[in-house]
Amino acid sequence: MTEQFEPMPGDWTRALAIVAHPDDLEYGAAAAISRWTGEGREVSYLLVTRGEAGIDTLPPGQAAPLRESEQRTGAAVVGVTAVDFLDHRDGVIEYGPALRRDLTREIRRRRPELLITLNHHDTWDGRSSWNTPDHRAVGRAVLDAAADAGNRWIFSELAAEGFTPWNGVRWVAVNGSPHPTHAVDVSDHLERAVRSLLAHRTYIEALTDRNPEEYCRTLIGQATSEASARFGGRPAVSFELFPR
């Protein structure tokens, strides 16, 4: 028998979502974020790149501002107004101390209890569907920076910049993981999730010949119905949850 998902923890007030590219959150987590902001919780976004290498028909200098604008629009649909970018290079993000330091700085700045990120595993399905290097690098750096943020002897130079240690991260929630453990009921937030993804119209129109709205509605419906089978039949967004 398939093991059922546990409900996501609800005893928190502030979350920070850290992903590699514009649209990473809209392809999965946005419906859950819509529910959380609707409950009065604070969620902010941090994008490691501006997604400038994501549209084959547009050179990076033109794609970056478009994708940034679409990300801000998509975030606003689900109640997120704080959206920041780190300007690492799209497609070649390097896992290592420099990335961990940048993420540690932002975690200390915002002091979240919950971190949200995208699949850090080698594959999407646990078998053969290979994940991208940017997703792997950022996801793993988020998991590490959750601890780095609370250790005063790691990146101690950040304290001199005013970013004192924050050991208040209680969970890291990984969306799109092949090993999900928890879920959020998003029954009343599917339409917002569709509109949030649809905000990335330039990217979607370059990605598929399908009608953009039909594409978004189908994708969100499939993703939330797959999770529902392990969450009481309710449309859901799933996460692999790492407590700290």
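- For R217, the salt bridge (Lys or Arg N to Asp or Glu O under 4.0 Å) partners two or more places apart in sequence, or in a different chain, are E191, E213.
- Scanning for salt bridge (Lys or Arg N to Asp or Glu O under 4.0 Å) contacts around E157 gives R101, with sequence neighbours left out.
- With sequence neighbours excluded, the residues satisfying salt bridge (Lys or Arg N to Asp or Glu O under 4.0 Å) with R72 are E68.
- In this structure, F155 has no ring-ring contact (aromatic ring centres under 6.0 Å, His included) partners at least two apart in sequence or on a different chain.
- Side chain of R230 to main chain of E3: a donor-acceptor pair is present (N/O by atom type, distance under 3.5 Å, no hydrogens or angles).
- Separation of the W130 and H135 ring centroids does not fall under the 6.0 Å cut-off.
- Neither side chain, N175 nor Y27, offers a donor N or O lying under 3.5 Å from an acceptor on the other.
- Residues satisfying the salt bridge (Lys or Arg N to Asp or Glu O under 4.0 Å) test with D148, not counting sequence neighbours, are R100.
- Partners of P165 under the side-chain contact (heavy atoms from CB on, under 4.5 Å) rule, at least two apart in sequence or in another chain, are R108, R152.
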Side-chain donor-acceptor distances from residues 79-88 under 3.5 Å, at least two apart:
{"residue": "D84", "atom": "OD2", "partner": "R110", "partner atom": "NH2", "Å": "2.4"}
{"residue": "D87", "atom": "OD1", "partner": "R50", "partner atom": "NE", "Å": "2.4"}
{"residue": "D87", "atom": "OD1", "partner": "R50", "partner atom": "NH2", "Å": "3.4"}
{"residue": "D87", "atom": "OD2", "partner": "R50", "partner atom": "NH2", "Å": "3.3"}
{"residue": "H88", "atom": "NE2", "partner": "D102", "partner atom": "OD2", "Å": "2.7"}

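- In D56, the CG atom is not crowded: 12 or fewer heavy atoms of neighbouring residues, nucleotides or ligands sit closer than 6.0 Å.
- A donor-acceptor contact closer than 3.5 angstrom is absent between the side chains of E42 and T13.
- For the residue pair S187 / D185, a side-chain donor-acceptor distance below 3.5 Å is found, with atom types taken as modelled.
- Side chain to side chain, E52 and Q62 fail the donor-acceptor criterion of an N or O pair below 3.5 Å.
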Going by atom type alone, with no hydrogens or angles, which donor-acceptor pairs under 3.5 Å involve a side-chain atom of residues 231-244 and a protein atom two or more places apart or on another chain?
{"residue": "R234", "atom": "NE", "partner": "F231", "partner atom": "O", "Å": "3.1"}
{"residue": "R234", "atom": "NH2", "partner": "F231", "partner atom": "O", "Å": "3.4"}
{"residue": "E240", "atom": "OE1", "partner": "H121", "partner atom": "NE2", "Å": "2.8"}
{"residue": "E240", "atom": "OE1", "partner": "S177", "partner atom": "OG", "Å": "2.6"}
{"residue": "R244", "atom": "NH1", "partner": "V169", "partner atom": "O", "Å": "3.0"}

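- Remark: the backbone N or O of P65 is not paired with any side-chain donor or acceptor of S69 at under 3.5 angstrom.
- Applying the side-chain contact (heavy atoms from CB on, under 4.5 Å) test to S156 and every residue at least two apart in sequence or in another chain returns nothing.
- R192 is linked by a side-chain contact (heavy atoms from CB on, under 4.5 Å) to S34, V77, V78, R195, counting only residues two or more places apart in sequence or in another chain.
- Scored by the ring-ring contact (aromatic ring centres under 6.0 Å, His included) test, H189 finds no partners at all (sequence neighbours excluded).
- Between the side chain of T218 and the backbone N or O of Y215, no donor-acceptor pair lies under 3.5 Å.
- Going from atom CD1 of I93 over to atom CG of D134 covers 3.5 Å, rounded to the nearest 0.5 Å.
- In this structure, the side-chain contact (heavy atoms from CB on, under 4.5 Å) partners of E161, at least two apart in sequence or on a different chain, are R105, L158, F163.
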